[in-house]
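Quick notes on the structure that follows.
The chains referred to below are lettered A, B, ... by the order of the sequence lines, with proteins before strands, and numbering in each begins at 1.
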Protein chains: 2
Amino acid sequence: MTKSISSIGQRSTRQRTAVVDSLQRNEDFRSSQEIHDQLRHEGISVGLSTVYRTLQALAEAGEVDVIVRDDGESVYRLCSEHHHHHLVCRRCRTTVELEAPSVETWAHKVAADHGFTDTTHTIEIWGLCPDCTTAD
Amino acid sequence: MTKSISSIGQRSTRQRTAVVDSLQRNEDFRSSQEIHDQLRHEGISVGLSTVYRTLQALAEAGEVDVIVRDDGESVYRLCSEHHHHHLVCRRCRTTVELEAPSVETWAHKVAADHGFTDTTHTIEIWGLCPDCTTAD
DNA sequence: ATAGGTGCAAAGCATTTGCAGCAGC
DNA sequence: GCTGCTGCAAATGCTTTGCACCTAT
């Protein structure tokens, strides 16, 4: 299970394990800095650059989902094995994972119709979750 | 026609006119810096901060579309009067404006199903346009 | 005349990078 | 012991801000 995760790099280090562990214990998208902070609070000292480098490697290896928030900060989350999208609370960041075969199909069809190749897409839905709606 | 554009701020200045003009003459998404560069090449001197401030104001007024690129840079484009999405060439930035009523519906429905309120969504499709595909 | 706008330079942030030291293998 | 990994600090790149000057009204 941790097997596939350690598919990045050639060595298993305390730092990488810590970052991956942190990802595994969290459902929502978090930035490098947030992950770094959490580790620090847990008493685990890992350099910020190492966190960045690790997340980057994981993203390249396809082990994590990356989305760029409206403010330009990149946030990461371990992803399930297949493509999906998210419904995110803009206040508390609660995240619901969505599957949308019909939208996938639509995206590829539309792109193909216009002669585009090698397509990818970004679909994110933002809103207020039930709790935050009530909290108003 | 320029009327609605001048809806930001209280004064009509050379600089704002220049930025809006530049937007009107371009179909694709461009960053503040790119717009600033273009104006400079046209011999129009406008401070970079002014470009940023103007685009920000336009975005707040809903006059332009903003999307955050994968690298975290914000890019702007005058938007038509209604909600829509984009198919963008990741190499040359050619942009096709899309309308997708079915996807709109899907997004709102999915959000509502999970009890989310006040929802918005981001849908961008990236790929290589026909020209750039051929250029390989 | 008088606020709102502008421009510069400095500050802020997230992220990347160079390099010397450290540690898996 | 070699090589990859780490961590610091400095650098980078986009964006924001403070502040004095300018200018449309």
Side-chain angles (χ1 to χ4, degrees), chain A residues 2-3 5-23 29-61 63-77 93, chain B residues 2-3 5-23 29-61 63-77 93:
Chain A
T2 310
K3 186 83 176 318
I5 298 300
S6 56
S7 66
I8 58 160
Q10 289 110 305
R11 292 178 192 175
S12 159
T13 65
R14 178 179 63 78
Q15 290 88 337
R16 284 183 184 177
T17 305
V19 171
V20 171
D21 249 50
S22 169
L23 287 169
F29 282 96
R30 276 143 66 242
S31 67
S32 300
Q33 316 229 18
E34 287 164 345
I35 291 170
H36 178 250
D37 282 355
Q38 191 208 311
L39 292 175
R40 265 174 57 72
H41 287 137
E42 292 175 358
I44 305 169
S45 166
V46 178
L48 181 55
S49 355
T50 300
V51 175
Y52 273 104
R53 280 189 281 231
T54 303
L55 288 171
Q56 215 169 254
L58 287 167
E60 247 162 58
E63 308 269 8
V64 296
D65 266 347
V66 194
I67 66 182
V68 180
R69 261 190 333 223
D70 295 25
D71 64 355
E73 195 169 6
S74 300
V75 287
Y76 305 82
R77 199 191 121 155
R93 302 248 189 99
Chain B
T2 309
K3 185 84 176 315
I5 297 300
S6 56
S7 65
I8 58 161
Q10 289 111 308
R11 293 182 192 173
S12 158
T13 65
R14 179 179 61 78
Q15 292 88 334
R16 286 185 180 174
T17 305
V19 171
V20 172
D21 249 49
S22 170
L23 286 169
F29 282 97
R30 275 139 70 242
S31 68
S32 300
Q33 316 227 18
E34 287 164 345
I35 291 170
H36 179 251
D37 282 354
Q38 189 207 312
L39 292 174
R40 266 177 54 73
H41 287 137
E42 290 175 0
I44 304 168
S45 167
V46 178
L48 181 55
S49 356
T50 300
V51 176
Y52 273 103
R53 280 188 280 233
T54 303
L55 289 170
Q56 217 169 252
L58 287 168
E60 248 161 59
E63 308 270 9
V64 296
D65 266 347
V66 194
I67 64 180
V68 181
R69 262 192 329 225
D70 295 25
D71 63 355
E73 194 169 5
S74 300
V75 287
Y76 305 82
R77 201 192 120 154
R93 306 248 186 94

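Taking 4.5 Å as the limit, every side-chain heavy atom of B:Glu60 sits out of range of all side-chain heavy atoms of B:Ile8. Looking at heavy atoms from C-beta onward, A:Val20 lies in side-chain contact with A:Leu58 at the 4.5 angstrom threshold.
Taking the side-chain hydrogen bond (donor to acceptor under 3.5 Å, both in side chains) definition, one finds that B:Gln33 meets it with B:Tyr52, sequence neighbours left out. In this view, B:Ser22 and B:Arg30, B:Gln38 satisfy the side-chain hydrogen bond (donor to acceptor under 3.5 Å, both in side chains) rule, not counting sequence neighbours.
OP1 and OP2 of D:dT16 both lie 4.0 Å or more from every side-chain N or O belonging to B:Tyr52.
Residue pairs that meet the salt bridge (charged side-chain N to carboxylate O under 4.0 Å, His left out) test with at least one member in residues 43-57 of chain A, sequence neighbours left out, do not exist here.
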Could you run through nucleotides 7-13 of chain D and give me one letter per nucleotide, 5' to 3': B if any protein heavy atom sits under 4.0 Å from the base, S if only the sugar-phosphate is that close, - if neither? BBB----
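Rounded to an integer number of Å, the gap from A:Arg69 CZ to D:dT15 P is 16 Å.
Contact footprint of chain A on DNA chain C: nucleotides with an atom under 4.0 Å from a non-hydrogen protein atom, first to last in 5' to 3' order, C:dA14 to C:dC25.
No donor-acceptor pair under 3.5 Å is formed between the side chain of B:Arg14 and the backbone N or O of B:Val46.
The end-to-end axis angle of the helix from C:dA1-D:dT25 to C:dC25-D:dG1, rounded to 10 degrees and based on five pairs per end, is 30°.
Between the side chains of A:Thr50 and A:Gln15, no donor-acceptor pair of N or O atoms lies under 3.5 Å.
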